[in-house]
2 protein chains.
Amino acid sequence: MARKTKSDTEQTRQQLIAAARKVFALRGVSRTTLAQIANEAGVTRGAIYWHFKNKPDLFFAMLEQVSLPMIHRINENLPAVDPRDPLRGVQASMHEILRLMKEDEIARTTFEIVVLKCEYVDEFASLESRVIKTGCDFMQTLKRAYEEAREQNLLRDGIDPAQCAMESFVFIKGLIHLWLSDVDGTIVRGKAHSLIDAHITMRYKQVLY
Amino acid sequence: MARKTKSDTEQTRQQLIAAARKVFALRGVSRTTLAQIANEAGVTRGAIYWHFKNKPDLFFAMLEQVSLPMIHRINENLPAVDPRDPLRGVQASMHEILRLMKEDEIARTTFEIVVLKCEYVDEFASLESRVIKTGCDFMQTLKRAYEEAREQNLLRDGIDPAQCAMESFVFIKGLIHLWLSDVDGTIVRGKAHSLIDAHITMRYKQVLY
DNA sequence: TTATATACAAACGTGAATGTTTGTAAAGGA
DNA sequence: TCCTTTACAAACATTCACGTTTGTATATAA
């Protein structure tokens with residue numbers, strides 16, 4: 001095989017990651033063969049073993065490519081929406097997550113793999129704590145938003161910000177899972193956005209029309 | 001091998017199902033070997049192939065053993081808690097789900113497998129529609145309860161029963177997933193019950209103390 | 001210009017899981 | 001009592017994915 005230029009090499013790596021994501025989503029992580037991934041990328045297994053140690057290594061590389069920018073984006077943008085009304089920020093970030101899953105195929109496919117096409121076991125067990133940690137960070141951001149909302153007298157009486165944040169996180173978690181499971185879109189996908197609105201509305205002191 | 005009596009045969013079958021559940025939860029469905037299951041049950045693979053067609057067949061037999069009675073139980077008991085206050089029924093059925101996961105090891109392990117140790121792909125793809133269908137049935141039950149609550153003037157103004165039911169379902173789905181992921185119990189498990197209470201309280205017209 | 005490291009392809013060896021077949025001791029019916 | 005069926009165990013053959021090794025053309029550094 002002819003040696004590639006540096007940019008060609010990086011391109012091969014990216015093709016491998018893209019191919020891995022595609023086949024993982026199609027066949028499930030455990031059933032996908034490195035040969036299938038190589039074939040999808042138009043190379044041989046040799047290329048995979050050059051760029052990655054093994055399947056888990058490739059898996060986490062694929063994950064990292066999406067998760068890091070996304071986490072940053074969600075948490076960063078949440079407080080910036082409307083400083084006068086933090087609940088709008090929470091609402092916007094939830095809608096943003098849905099938008100990502102709808103319009104960003106890479107993000108959607110990656111979510112799909114993590115939620116439905118992967119077993120949290122052995123080398124992939126660490127994925128669990130990783131997901132948990134991401135969730136905790138998001139919950140912290142939510143908590144700050146709800147505290148802010150309470151200080152601005154927007155939050156409904158008798159609602160604890162920390163508990164409220166956790167419930168919102170539980171809500172988003174469930175929504176993502178159901179959205180992904182509802183492949184034909186007849187149950188959840190059509191109503192997801194209005195569900196978010198209802199979820200947020202219930203947290204306002206005054207119901208706004 | 002000596003032939004067993006009829007009850008011995010059924011016992012072998014049950015041992016195989018129990019062993020499968022244990023190893024599935026430990027190694028993940030795709031990585032468990034029929035030899036591992038047989039070994040755990042104290043028999044050989046021959047016994048598995050006698051009682052079941054293959055691994056998916058054994059998997060669904062294991063599932064059926066738990067899911068059918070449980071679905072029946074949750075949906076059946078919900079309206080019967082307190083006919084004067086359907087929201088209490090919803091609350092009780094949610095607590096019941098948590099109680100099952102805590103105290104019933106078979107139920108908990110089965111949930112764990114379905115949520116975290118199984119890839120929804122190929123022969124197991126049908127599991128997805130099965131889970132969806134169960135969820136829709138539960139949502140219907142929830143919807144009836146919320147409609148009943150509205151008729152009794154208990155439900156908060158501006159809440160649509162159908163949407164409220166879906167949000168509760170989303171909530172329970174997320175709670176189950178997070179509860180299972182939170183293995184060391186530091187994040188969700190300790191607060192799950194009070195989260196349910198907060199979720200229900202938010203739906204009442206008058207906040208009850 | 002040459003030498004070396006690179007970026008793979010191709011071939012090899014190995015273990016392991018699967019489904020099947022064969023063997024067999026005892027249970028249950030006639 | 002004998003015969004058949006049952007409920008497996010044990011052995012077999014096959015496939016197949018993995019990790020490793022070897023080969024090789026070329027970009028790049030010296």
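In the text below, chain A, chain B and the rest are named by the order of the sequence lines, each starting its count at 1.
With rounding to whole Å, Lys55(A) atom NZ is found 10 Å from dC18(D) atom C1'. Rounded to whole Å, the distance from CZ on Arg31(A) to C1' on dA17(D) is 14 Å. Rounded to an integer number of Å, the gap from Lys53(A) NZ to dC18(D) C1' is 14 Å. In this structure, Asp57(A) places its CG atom 15 Å from C1' of dC18(D), rounding to the nearest Å.
Distances shown here put every side-chain N or O of Thr44(A) at or beyond 4.0 Å from the OP1 or OP2 atom of dA10(C). Using a 4.0 Å cut-off, some side-chain N or O of His51(B) falls inside it from OP1 or OP2 of dC8(D). Look at Thr33(B) and you won't find any side-chain N or O under 4.0 angstrom from OP1 or OP2 of dA16(C). Between Trp50(A) and dA7(C) there is a side-chain polar atom (N or O) within less than 4.0 angstrom of OP1 or OP2. At the phosphate of dT6(C), neither OP1 nor OP2 sits under 4.0 Å from any side-chain N or O atom of Thr9(A).
By the side-chain contact (heavy atoms from CB on, under 4.5 Å) test, His95(B) pairs with Gln91(B), His193(B), Ile196(B), Asp197(B), sequence neighbours left out.
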With a cut-off of 3.5 Å and sequence neighbours excluded, list every side-chain donor-acceptor pair involving residues 176-185 of chain B.
| unit_1 | atom_1 | unit_2 | atom_2 | d |
| --- | --- | --- | --- | --- |
| His177(B) | ND1 | His177(A) | ND1 | 3.1 |
| Ser181(B) | OG | His177(B) | O | 3.0 |
| Asp182(B) | OD1 | Gly185(B) | N | 3.3 |
| Asp182(B) | OD1 | Thr186(B) | N | 3.3 |
| Asp182(B) | OD1 | Ile187(B) | N | 3.3 |
| Asp182(B) | OD2 | Ile187(B) | N | 3.1 |
| Asp182(B) | OD2 | Val188(B) | N | 2.6 |
| Asp182(B) | OD2 | Arg189(B) | N | 3.0 |

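Side-chain contact check for Phe52(A) versus Arg13(A): some heavy-atom pair is nearer than 4.5 Å.
Within 6.0 Å of CD on Glu105(B) lie no more than 12 heavy atoms contributed by other residues, nucleotides or ligands.
Between dC8(D), dG19(C), dG19(D), one nucleotide has an atom nearer to the side chain of Tyr49(B) than all others, and that is dG19(C). Side-chain proximity of Leu34(B) to the nucleotides dC8(C), dT18(C), dA9(D) is greatest for dT18(C).
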